[in-house]
Amino acid sequence: MIVGLIIACEVAFWVLLAAGLAFRYAFRMPRTGLVLLLCEPLLELVLFAVTAIDLRNGAEPDWRHGLAAVYIGFTAGLGHSTIAWADARVAHRFAGGPPPAAPPRYGTARTVHEWKVAGRWILAAAVALALLQGAVWYVGDAGDTGPLRAWQQRMLWVIGINVVIAAGYTLFPKRPPEGGPARKSGGPAEKSVDSEAGTRT
């Protein structure tokens, strides 16, 4: 049931996103569109409540409960930036908004971009870790918390990998090709909406 609910929440996330943007730009009803977008967090609340009830009713904690916590954490950490990323592109395509700028490619601006991306992934993993730890405490000694602990280890790996990637750009900043035009980084044009999506390009 929990896996099916996770899939339903993911589908509903994109349906609400598409509907919210459609009302905001295509139908010229920004308030309705905003209301639909603000409904996104309700999906995570429903999933959280169902997972907690399942554990309270005596279900043995397993990988599905851990996956629910991870899904909620990653939606909390990356959901807003995903909405902003999509909003900027729809605004450009249908409302005459400015074209989304490409993320900075070189130098300090690229390093800052990588730390921002890492920060969003670290936040997502940290929220998941906290929810998983809450589930561990909730279950206590009455059940096997091994599957929840396994998910916590995976989240630590997510944090570590992102720190290593961002630190790599700090210690070894990417430089423009020799002989090629040096692209200025850090100016207003470099403030990319792509960076709001939690992606690296």
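Index from 1, following the sequence.
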Using the rule that two of Ile, Leu, Val, Met, Phe, Trp, Tyr join whenever any of their side-chain heavy atoms come within less than 4.5 Å, decide whether [X] and [Y] are in one cluster.
{"X": "L123", "Y": "V117", "result": "yes"}
{"X": "L131", "Y": "I159", "result": "yes"}
{"X": "V139", "Y": "I72", "result": "no"}
{"X": "V163", "Y": "V112", "result": "no"}

List the atom pairs, with distances to 0.1 Å, where a side-chain N or O of residues 29-44 and a protein N or O form a donor-acceptor pair under 3.5 Å, not counting sequence neighbours.
residue, atom, partner, partner atom, Å
E40, OE2, L17, N, 3.3

Please table the atom pairs, donor to acceptor, closer than 3.5 Å between any side-chain atom in residues 1-14 and protein atoms at least two apart or in another chain.
residue, atom, partner, partner atom, Å
E10, OE1, Y71, OH, 3.0
E10, OE2, W14, NE1, 2.8

Measuring from [X]:[atom1] to [Y]:[atom2], what's the distance to the nearest 0.5 Å?
{"X": "T75", "Y": "H80", "atom1": "OG1", "atom2": "NE2", "value": "14.0 Å"}
{"X": "W121", "Y": "I165", "atom1": "CH2", "atom2": "CD1", "value": "10.0 Å"}
{"X": "Y106", "Y": "K174", "atom1": "OH", "atom2": "NZ", "value": "6.0 Å"}
{"X": "I122", "Y": "I161", "atom1": "CD1", "atom2": "CD1", "value": "11.5 Å"}
{"X": "N162", "Y": "W157", "atom1": "CG", "atom2": "CH2", "value": "13.0 Å"}

Residues forming a salt bridge (charged side-chain N to carboxylate O under 4.0 Å, His left out) with D87, sequence neighbours excluded: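 With sequence neighbours excluded, D87 shows a salt bridge (charged side-chain N to carboxylate O under 4.0 Å, His left out) to R24, given in chain and number order.
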Sequence neighbours excluded, the answer for ring-ring contact (aromatic ring centres under 6.0 Å, His included) partners of F27 is F23
Kindly list each side-chain donor-acceptor pair under 3.5 angstrom involving residues 47-61, sequence neighbours excluded, with atom names and distances?
residue, atom, partner, partner atom, Å
T51, OG1, L47, O, 2.8
D54, OD2, H65, NE2, 2.7
N57, ND2, I53, O, 3.3
E60, OE2, D144, N, 2.9

I need the minimum non-hydrogen distance between [X] and [Y], along with the two atoms involved.
{"X": "A166", "Y": "E114", "value": "CB-O, 4.1 Å"}
{"X": "L78", "Y": "T82", "value": "O-OG1, 2.8 Å"}
{"X": "R110", "Y": "P104", "value": "CD-O, 3.0 Å"}
{"X": "M155", "Y": "A125", "value": "O-CB, 3.8 Å"}

R154 charged N/C atom sitting above W151 aromatic ring, 6.0 Å / 45°: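 Verdict for W151: a cation-pi partner in R154.
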side-chain contact (heavy atoms from CB on, under 4.5 Å) filter on R149, not counting sequence neighbours, yields Q133, V136, T145, Q152
